[in-house]
Enquirer: 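Structure below; questions to follow.
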Amino acid sequence: MAIQVKLPDGSVKSYDKPVKVMEVAMGISPRLADAAICAELNGKLVDMDHTIQTDSDLILHTFKTDTGKEVYWHSTAHLMAQAVKQLYPDVKVTIGPAIESGFYYDFDRDKPFTDEELVLIENRMKELSAQDQPYTRTELSKAEAVDIFKTQGEDYKLEILEVIPDTDTISTYRQGDFLDLCRGPHIASTGKIKAIKLLKTSGAYWRGDEKNKMLQRIYGISFPSNKELNEYLAFLEEAKNRDHRKLAKELDLFSMNDEVGAGLVLWHPNGAMIRHLIEAYWKEEHLRKGYKLVYTPHMGRSKLWETSGHLGFYSENMYSPMQIDEQDYYIKPMNCPFHIHIYNANHHSYRELPIKLAELGTVYRYERSGVLHGLMRVRGFTQDDAHIICTPEQMDEEVEKLIVFSLDMLKYFGFEKFQIYLSTRPEGSVGEAENWDAATESLRHSLEKLDLEYQVDEGGGAFYGPKIDIKIKDALGRAWQCTTIQFDFNLPERFNMEYIGADNTAHRPYMIHRAVLGSVERFFATLLEYHAGNLPLWLCPTQVMVIPITDSQLDYARKVSDKLQLLGLRTEIDTRGEKIGYKIRDAEMKKIPFMCVIGKNEEAEEKVTLRQHKKGDLGAMSFDEAVKAIRNQA
RNA sequence: GCCGAUGUAGCUCAACGGUAGAGCAAUUGAUUUGUAAUCAAUAGGUUGGGGGUUCGAUUCCCUUCAUCGGCUCCA
């Protein structure tokens, strides 16, 4: 198969497999890829990382054009800054980039922008857009730039200029009365920005450092037409409906409570059933893959955490100790030290390795109050933790198995799109450089052998080892980190872990710390959002709602329900004296996958009428046919 | 932790410096119903907690807790 890509100059390039827009651009000119801001594929605007699947016409716009999401939004950010400067001349501008969806600009101002002010700014932006002012680029020397921004009193721009070499050429962009220090590129003129919505405000630290001054950030989004804007706003609405916190209320899954404490989860029966099913599956799969299940305590003596080093480098995330018999005990923030002690309780021969210890280990970590977020970020959570202790020779095989295992498990839950990150050695790491290199290579190798796309986060590893993270993309494109596979060169050293090699001497094993789901809580939330609450059949707390039409069918309904239960299906009977429409509406809203309607006809003919969630009536059928239809969904 | 917003019945939301109201849910009664809401009645609240201003606070102020949107940080 060959994919023909028609380029703007009329030439045709062919590729033997799907290719990203970026790669095509690189093929033409590396510079172009750098500056290119947007691509039109068969007349439709696409991102640079869009993959071309079929024969296509590709037009690449350089910075002189006026399309491209990033440039478009960045230009809108300039427009917003212009409006803000006109309305509030004392405000100082800082930076205003495009983000994944829209843009923001940070302003230095004493007080935050109110919702009313946002409306004013938005309206002013629309006026400025109507004036259709061109964005004009000017190149100048650093000294000239410093001069300009000094007279304007834009201290932050001067600070940005400070780090630029004196000999560099600087560029500025002007539209109307507003001039900004900016690398560009920009769209041709403000008139292209037709639909604008300022979404929210927030405090944000200058340069993202919490030691710096807090600035006032305004987030917004813009489109060439109101239609696109409305589509985007509808998309945000949809995201709200998928929010696991909202779904949890509707489906009665879990709650949190003031009196219990922030970030502590109460699992209701429905949520607990789902969790149980996830955990049961998890345990089964791990036993099948040669893991050994262990249980460990929820706290340990301070000595343990001194040895592990957590009291040194992790104490700000740990809860204050409690005193027992004049000893300090800490609630565990991690399971690793316990698993290591289980390993260390016996001598191990190289013949026994790899040893894989797994536990659904509940840990407690102090999270700053502002970061808690539903089940995604809590203070007490259960990691699906495991530690793989192996010899250097086994490392490659184990890593590869792990990645396959992780992806298989995630796919089993219905996830399809993943983002994989490889994080390498950071500054101030512990452990031998050669071990780091070997481990990093092993991770990289496995990813490549499995032909997985991944991004490298240089220096993004933990101080104790390199890692692979897998983030799940939900249906709305948001990414959540679940799987993490981390080498650890710190703890084996600290706890003096050993195995006896073939040479009859002690060796230090490799240790891999990993979680596939990440935490049961976060995974649960991601799963809910991904499926918008419509979980796969095997995870539904109630799989079939049996609905008798009148009380006289109650007995037959019970018989049907019992028979289904005997086959392992989870059923409920709606015995309320309500009309059938009411009961069906109720079951539909609870997202119960199947409804079994029982009336006098069904009873007389020994049949059942099946209805499927969202799909509607499937008609009358025999009991066996109904079971088959239900099973087919699984 | 920081910036901002919010907190009223189980849920979703009104109202107001002068003794809090609706819909849904709940309970009771009637209805026995054929694929997304049957009718009626009843009950339900120290307006998140504490303090202050006021003749009077749910409303204004302070404080605290929690939640939401971000920042920073992370599974």
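These values consider heavy atoms only, across backbone and side chains, with no hydrogens, waters or symmetry-generated copies. Letters A, B, ... mirror the listed sequences (proteins, then strands); counts begin at 1.
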Enquirer: Select one nucleotide: of B/G69, B/A75, B/A37, the one nearest the side-chain heavy atoms of A/Arg377.
Expert: B/A75
Enquirer: What's the closest nucleotide to the A/Leu372 side chain, out of B/U67, B/U33, B/G70?
Expert: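 Taking heavy atoms from C-beta onward, the closest nucleotide is B/U67.
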Enquirer: At less than 4.0 Å, is any side-chain N or O atom of A/Ser369 found next to OP1 or OP2 of B/G1? Yes or no.
Expert: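 Yes, such a contact exists.
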Enquirer: Side chains of A/Gln383 and A/Ser519: is there a donor and an acceptor less than 3.5 Å apart?
Expert: no
Enquirer: Expressed in whole Å, how much space separates the C1' atoms belonging to B/U63 and B/C11?
Expert: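 Rounded to whole Å, the distance is 30 Å.
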Enquirer: Grab the CD1-P distance between A/Ile547 and B/U35 for me, whole Å please.
Expert: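 Atom-to-atom, A/Ile547 to B/U35, this comes out as 12 Å.
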Enquirer: State plainly whether the residues A/Glu279 and A/Arg275 are in salt-bridge range, i.e. N to O under 4.0 Å.
Expert: yes
Enquirer: For A/Glu521 and for A/Met589, locate the closest nucleotide of RNA chain B by heavy-atom distance; then report the residue assigned to the nucleotide nearer the 5' terminus.
Expert: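 Going by which nucleotide is closer to the 5' end, it is A/Met589.
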Enquirer: Rounded off to whole Å, could you give me the CD-to-P distance for the A/Glu605 and B/G34 pair?
Expert: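 In whole Å, B/G34 P and A/Glu605 CD are 17 Å from each other.
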Enquirer: Between A/Lys591 and A/Glu250, does any side-chain N to carboxylate O distance fall below 4.0 Å?
Expert: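 A/Glu250 and A/Lys591: not salt-bridged.
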Enquirer: Both A/Met595 and A/Gly263 contact RNA chain B. Taking the nearest nucleotide for each, which residue is further toward the 5' end?
Expert: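 Nearest nucleotide further toward 5': that of A/Met595.
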Enquirer: What is the separation between atom CZ on A/Arg368 and atom C1' on B/A66, rounded to the nearest whole Å?
Expert: 19 Å
Enquirer: Could you give the distance separating B/U58 and B/G17 at their C1' atoms, to the nearest angstrom?
Expert: 10 Å
Enquirer: Quick one: look up who B/U6 pairs with, Watson-Crick or G-U, both distances under 3.5 Å, and put none if it's unpaired.
Expert: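 WC or wobble partner is B/A66.
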Enquirer: Counting only side-chain heavy atoms from C-beta out, which of B/A75, B/U35, B/U72 sits nearest to A/Tyr205?
Expert: B/U72
Enquirer: Atom CG of A/Leu236 to atom P of B/G70: distance rounded to whole Å?
Expert: 10 Å
Enquirer: If you only use heavy atoms from C-beta on, which nucleotide in B/G34, B/G70, B/A36 is closest to the side chain of A/Val597?
Expert: B/G34
Enquirer: Ring centres within less than 5.5 Å and planes less than 30° apart: is that true of A/Phe381 and B/A75 in this structure?
Expert: yes
Enquirer: Closest approach to the side chain of A/Ile584, judged atom by atom: which nucleotide of B/A75, B/C3, B/U35 is it?
Expert: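 The listed nucleotide nearest to A/Ile584's side chain is B/U35.
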Enquirer: Does the distance from a Lys or Arg side-chain N to an Asp or Glu carboxylate O, for A/Asp209 and A/Arg207, drop under 4.0 Å?
Expert: no
Enquirer: Are side-chain heavy atoms of A/Pro333 and A/Asn317 found at a separation under 4.5 Å?
Expert: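 Side chain of A/Pro333 against side chain of A/Asn317, heavy atoms only: no contact under 4.5 Å found.
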Enquirer: Can you tell me how far P of B/G69 sits from CZ of A/Arg217, to the nearest Å?
Expert: 16 Å
Enquirer: B/A20 pairs with which nucleotide, Watson-Crick or G-U wobble, both distances below 3.5 Å?
Expert: none
Enquirer: Please table the atom pairs, donor to acceptor, closer than 3.5 Å between any side-chain atom in residues 366-374 of chain A and protein atoms at least two apart or in another chain.
Expert:
unit_1	atom_1	unit_2	atom_2	d
A/Glu367	OE1	A/Arg377	NE	3.4
A/Glu367	OE1	A/Arg377	NH2	2.7
A/Arg368	NH2	A/Glu210	OE1	3.0

Enquirer: Can any side-chain N or O of A/Lys583 pair as donor or acceptor with the backbone N or O of A/Pro548 at less than 3.5 Å?
Expert: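 Yes, because the side chain of A/Lys583 sits within donor-acceptor range (under 3.5 Å) of the backbone of A/Pro548.
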Enquirer: According to the Watson-Crick and G-U wobble definitions, with both distances under 3.5 Å, which nucleotide is paired to B/G34?
Expert: none
Enquirer: Taking CZ from A/Arg365 and P from B/C73, how many angstroms apart are they, rounded to a whole number?
Expert: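 Rounded to whole Å, this separation is 16 Å.
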Enquirer: Does this structure show an ion pair linking A/Glu458 with A/Arg425, if we count only N-O contacts that are shorter than 4.0 Å?
Expert: no
Enquirer: Have A/Tyr219 and A/Arg217 got a donor and an acceptor in their side chains that come within less than 3.5 Å?
Expert: yes
Enquirer: How close or far is atom P of B/A75 from atom NZ of A/Lys471, stated in whole angstroms?
Expert: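 Value for this atom pair: 10 Å.
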Enquirer: Is the shortest side-chain N/O distance from A/Lys200 to OP1 or OP2 of B/G69 below 4.0 Å?
Expert: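 Indeed not, no polar side-chain atom of A/Lys200 lies that close.
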Enquirer: Check nucleotides 22-27 of chain B against the protein and report each pair of N or O atoms closer than 3.5 Å, with its distance, or say if there are none.
Expert:
unit_1	atom_1	unit_2	atom_2	d
B/A25	OP1	A/Tyr582	OH	2.7

Enquirer: Not counting sequence neighbours, which residues clear side chain to side chain donor-acceptor pair (under 3.5 Å) with A/Tyr156? List them please.
Expert: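 Checked A/Tyr156 against side chain to side chain donor-acceptor pair (under 3.5 Å); matches are A/Asp108.
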Enquirer: Tell me which nucleotide among B/C2, B/U33, B/A36 gets nearest to the side chain of A/Arg611.
Expert: B/A36
Enquirer: B/U47 and B/U8: how far apart are their P atoms, nearest whole angstrom?
Expert: 12 Å
Enquirer: Provide the Watson-Crick or G-U wobble partner of B/C39, both distances under 3.5 Å; none if there is no partner.
Expert: B/G29
Enquirer: Expressed as a whole number of Å, how far does the P atom of B/U27 sit from that of B/U64?
Expert: 42 Å
Enquirer: Suppose we define a pair by two distances each less than 3.5 Å, Watson-Crick or G-U wobble; what does B/G56 pair with here?
Expert: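 Its partner: none found.
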Enquirer: Examine the base of B/G34 for any acceptor or donor lying under 3.5 Å from a partner atom in the side chain of A/Gln553, and report the outcome as yes or no.
Expert: no
Enquirer: Give a yes/no answer on whether the side chain of A/Lys211 brings an N or O atom under 4.0 Å of OP1 or OP2 in B/C2.
Expert: no
Enquirer: Mind calculating the distance between CZ (A/Phe254) and P (B/U67) to the nearest angstrom?
Expert: 11 Å
Enquirer: Among B/U35, B/A75, B/C11, which nucleotide has an atom closest to any side-chain atom of A/Ile580?
Expert: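 The answer is B/U35, which lies nearest to the side chain.
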Enquirer: Output the single nucleotide from B/C2, B/U12, B/G69 whose closest atom is nearest the side chain of A/Arg245.
Expert: B/G69
Enquirer: Counting only side-chain nitrogens and oxygens, does A/His373 get under 4.0 Å of the OP1 or OP2 atom of B/G69?
Expert: yes
Enquirer: With sugar-phosphate meaning primed atoms plus P, OP1 and OP2, does A/Glu602 contact a base, only sugar-phosphate, or nothing at under 4.0 Å between heavy atoms?
Expert: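 Base contact.
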Enquirer: Identify which nucleotide among B/C65, B/A75, B/U33 has an atom closest to any side-chain atom of A/Asp258, counting heavy atoms from C-beta outward.
Expert: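 So the nucleotide nearest the side chain must be B/C65.
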Enquirer: If we take the C1' atom in both B/G48 and B/U6, what is their distance in whole Å?
Expert: 12 Å
Enquirer: Which nucleotide sits closest to the side chain of A/Asp551: B/U32, B/U67, B/C3?
Expert: B/U32
